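Note sheet for the following structure.
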Amino acid sequence: MVQGRGSADLVLVNMAAVLCLMVLAGHVHAATYTVGGSGGWTLNVDSWPKGKRFKAGDTLVFTYDPTIHNVVAVNRGGYSSCITPAGARVYKSGKDQIKLSKGQNFFICNVAGAL
């Protein structure tokens, strides 16, 4: 698949890096977070996670324009290479809710030309 490249690509990768969450084992109360705040899952939201403590069971809400973005839950290799591995879950509703699992969670956008 053709991937867009450039400075916007780096911004989204930086945002994804911050979202590489170290999720703790047990949780008392799950929280819901809208990724990017009111602006949603888009470019230039790399500072959004600062000050937040994510836990297994928390829900991330990804709000975006599905004609130009998506959300792909990937493994570390898929994140590092910015390539969607076989079997990766691709979300494309524009209003996706993803429950965090124990361990690290990685997300990218793989819409060609979106970056």
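Just so we're clear, the structure is a prediction, and the values are computed from it rather than from any experiment.
Considering every non-hydrogen atom in both Ala73 and Tyr91, the closest pair reads CB-CE1, 4.3 Å. Contact record, Ile68 with Cys109: O-SG, 4.5 Å, taken as the closest heavy-atom pair. In this structure, Pro85 and Asn75 approach most closely via the heavy-atom pair CG-OD1, 3.8 Å. Residue Thr59 comes nearest to Gln97 through the heavy atom pair CG2-CB, 3.9 Å, listed as atom of the first residue, atom of the second, then distance. The two residues Asp58 and Ala31 come nearest to each other via the heavy atoms OD1-N, 2.8 Å. What you find for Ser93 and Pro66 is that their closest heavy atoms are O-CG, 3.9 Å.
Residues Asp96 and Trp41 have side chains not in contact (no heavy-atom distance under 4.5 Å, counting atoms from C-beta outward). Side-chain contact between Tyr79 and Ile108: present, with at least one pair of heavy atoms (C-beta onward) separated by less than 4.5 Å.
Note that CG of Leu60 is 10.5 Å distant from NZ of Lys52, once rounded to the nearest 0.5 Å. Note: Thr32 OG1 to Lys99 NZ = 10.0 Å, rounded to the nearest 0.5 Å. In this structure, CD1 on Ile98 lies 4.5 Å from CZ on Phe62, to the nearest 0.5 angstrom. To the nearest 0.5 Å, atoms NZ (Lys92) and NE2 (His69) are separated by 16.0 Å.
The backbone N or O of Thr84 lies less than 3.5 Å from no partner atom in the side chain of Asn110, so there is not a single donor-acceptor pair.
Using the six-membered ring where Trp is involved, Tyr33 and Phe54 have ring planes that are perpendicular, over 60° apart on the 30 and 60° scheme.
No side-chain donor from either of Tyr64 and Asn70 sits under 3.5 Å from a side-chain acceptor of the other.
Legend: residues meeting side-chain contact (heavy atoms from CB on, under 4.5 Å) with Thr34, ordered by chain and number and at least two apart, are Val61, Thr63.
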